[in-house]
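Taking it in order: structure first as structure tokens, then the write-up.
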Amino acid sequence: MNNSWFKEAIIYQIYPQSFKDSNNDGIGDLQGIISKIDYLVSLGINCIWLSPIYVSPMADNGYDIADYYNINPIYGTIEDFKELIFKLHQNNIRLIMDLVVNHTSDEHRWFKEASSDKNSPYHDYYIFKDKPNNWTGFFGDKAWSYNEKTNEYYLHLFDKKQPDLNWENPLVRQEVQNICKYWLDLGVDGFRCDVINLISKDQEFKNGHNKLILVGKKYFINGPKLHDYLQELNEKVLSHYDCMTVGETVFTTLDDIKLLTDENRKELSMVFNFDHTSVDNFLGVKWLMRKFKLKRFKKILDKYQYGLENAGWYSIFYENHDQRRSVGRFNLDEKMANYTAPMLATTMYLLRGTPYIYQGQELGMTNLNVKDLDEFIDVETKDVLKLMKKLPLSKKYIDKSIRNGSRDNARTPFQWDDSEYAGFSNAKPWIMVNDNKDFINKEKEEKDENSILNYYKKLIRVYKENNLIIRDGKYNDLKPKSNKIFMYERILNEQRMIVISNFTSKTIKMKLPEDCQILLNNYQEIKNNFLLPYQTLVYLK
Ligand code: TEU
Ligand code: CA
């Protein structure tokens, strides 16, 4: 991995189930993606992160893998996949795959053998104990389930259909190396490594100390051998290819990130950290809602912008398939999305780090509006709703928290046009189409010069044209104390870029920079000495 193209990548995440259905069975697929490469090219992105497409019973929408070497037939065949890579590369778009190796599906052959016979060589691929400890998993439930055939408990930090792999076992690590090698040889350009900082567990399996959600998290986050495992994977496989890795890391600190992404240590190219998406919750748990404060948001982003100045690399993003939509978040009025979405995007993507855009974000797609909470179908939402109903919480709180937090918000079909199923499919999709597809859709926005989509295209163009200063420029927050304005500069040699964003619905009196080139503005005009509601401005001097 002695390359740095990942620092110039603009990455677009595709959630295959919801992007485009080519054969009208209601489920997105690989040929669907292929049919939309023109659209990806028109956006200007240069890399795709494809969420899992491997064989899976879909208990967690593909994050539960039953066969790492084959494509889930609902998405197509290996031939379709080869065609996809070939055509993306033809268009100078790279492809990174999702690598989910903290756990497998309980329907993986390894687990089937492991769970039926203590003496099977696969038994030690997983973590079995005679007695469970008190850990809680990420979906709010107990992290251990009973396995009758061997009279033991097995560990699963996510759903019980997602047993954790035992990375202590060198054979498991060898399997992961083989998997990476297989896909790299097929031409993929890297991996997004699912919950990678959970792979090494403290072998004492101590009880956690408190009664909070995620009891025991201290003992399964950034475990003692995490760095060794990552270095080994690099040495054995990744370093032999021109590839990148982005680790999804949960509850990591700045120091962790410095270690994980230090180029000399050869572990990961960059990580996703969720501190800034946790700005409106408590303890990093999105169900525990907290009022948004711009100052807090900036403090978090500043911490990493300054902290990783000389070491490490970072990913910048608002959305992914687990997060709620950014429109309507951060105290912003959903009805003002034509202004707020460009403002949010500008503010975030001119920071230092590799930008990630989640499908539909560029249209200003919104959260899903369901009548009844039971209409949510995601496994996490269901588990958490069940748990919340047992706790002393008001109906109103539960309603708001679930609506905010459900991952279904991000998973509704991509809105291509205003037809019945939004141009995603001719058949009823696997998940509800958002009813605002009539006015939020790709076809309509393409024609409207002032649409969110066209603003994103402009932003991406500006990003590419000024890549050096955005990548390497020194960052300074110019108004860290303000709860209304996010204003920062990026400085490289003689050049200075200034980004100013109004996070409020009010016009604010302020002196604007003079004698600069204006690179971006989400209004037609500039009003001297005033920053308009939700206005965003980018200057270059
Ligand atoms: O998510 C990891 C993770 O920590 C999730 O619990 C996340 O915090 C939560 O979903 C936020 O709502 C990854 C994948 O992105 C997610 O889709 C998977 O369900 C999970 O790992 C298990 O593979
Ligand atoms: Ca299909």
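When a ligand or atom number is given, it counts from 1 through the structure's own listing order.
- Less than 3.0 Å away from the Ca ion (ligand 2), the protein contributes these N/O/S atoms: Asp21 OD1, Asn23 OD1, Asp25 OD1, Ile27 O, Asp29 OD2.
- In summary, Lys437 and Asp418 do not engage in a salt bridge, as defined by a charged side-chain N under 4.0 Å from a carboxylate O.
- Between Pro413 and the choices Phe424, Tyr421, Trp430, the side chain to side chain contact (heavy atoms under 4.5 Å, CB included) rule is met once, by Phe424.
- Here Glu248 pairs with Arg192 in a salt bridge; the nearest charged N to carboxylate O distance falls below 4.0 Å.
- In terms of heavy-atom proximity, Arg324 sits nearest to Asp280 at NH1-OD2, 3.7 Å.
- In this pair, Trp416 and Phe19 present their aromatic rings perpendicular. The plane angle is above 60°, beyond the 30 to 60° band.
- The cationic group of Lys206 does not satisfy the cation-pi geometry with Trp135, failing either the under 6.0 Å distance to the six-membered ring centre or the 45° limit from the ring axis.
- For the residue pair Trp167 and Tyr229, the shortest heavy atom distance occurs at O-OH, 3.3 Å.
- Under a cutoff of 6.0 Å and an axis angle of 45°, Lys7 and Trp313 form a cation-pi pair.
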What are the polar N/O contacts of ligand 1 with the protein below 3.5 Å, with distances?
unit_1, atom_1, unit_2, atom_2, d
ligand 1, 1 (O), Glu248, OE2, 3.2
ligand 1, 1 (O), Asp322, OD2, 3.4
ligand 1, 10 (O), Glu380, OE2, 3.2
ligand 1, 10 (O), Arg407, NH1, 3.0
ligand 1, 12 (O), Lys286, NZ, 2.2
ligand 1, 12 (O), Glu380, OE1, 3.2
ligand 1, 12 (O), Glu380, OE2, 3.1
ligand 1, 15 (O), Arg192, NH2, 3.0
ligand 1, 15 (O), His321, NE2, 2.9
ligand 1, 15 (O), Asp322, OD2, 2.5
ligand 1, 17 (O), His321, NE2, 2.9
ligand 1, 17 (O), Asp322, OD1, 2.8
ligand 1, 17 (O), Arg407, NH1, 3.4
ligand 1, 19 (O), Asp60, OD1, 3.3
ligand 1, 19 (O), Asp60, OD2, 2.4
ligand 1, 19 (O), Arg407, NH1, 2.9
ligand 1, 21 (O), Asp194, OD1, 3.0
ligand 1, 21 (O), Asp194, OD2, 3.1
ligand 1, 23 (O), His103, NE2, 2.9
ligand 1, 23 (O), Asp194, OD2, 2.8

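- Each of Glu83, Gln90, His89 was compared with Lys87 under the side-chain hydrogen bond (donor to acceptor under 3.5 Å, both in side chains) criterion, and only Glu83 meets it.
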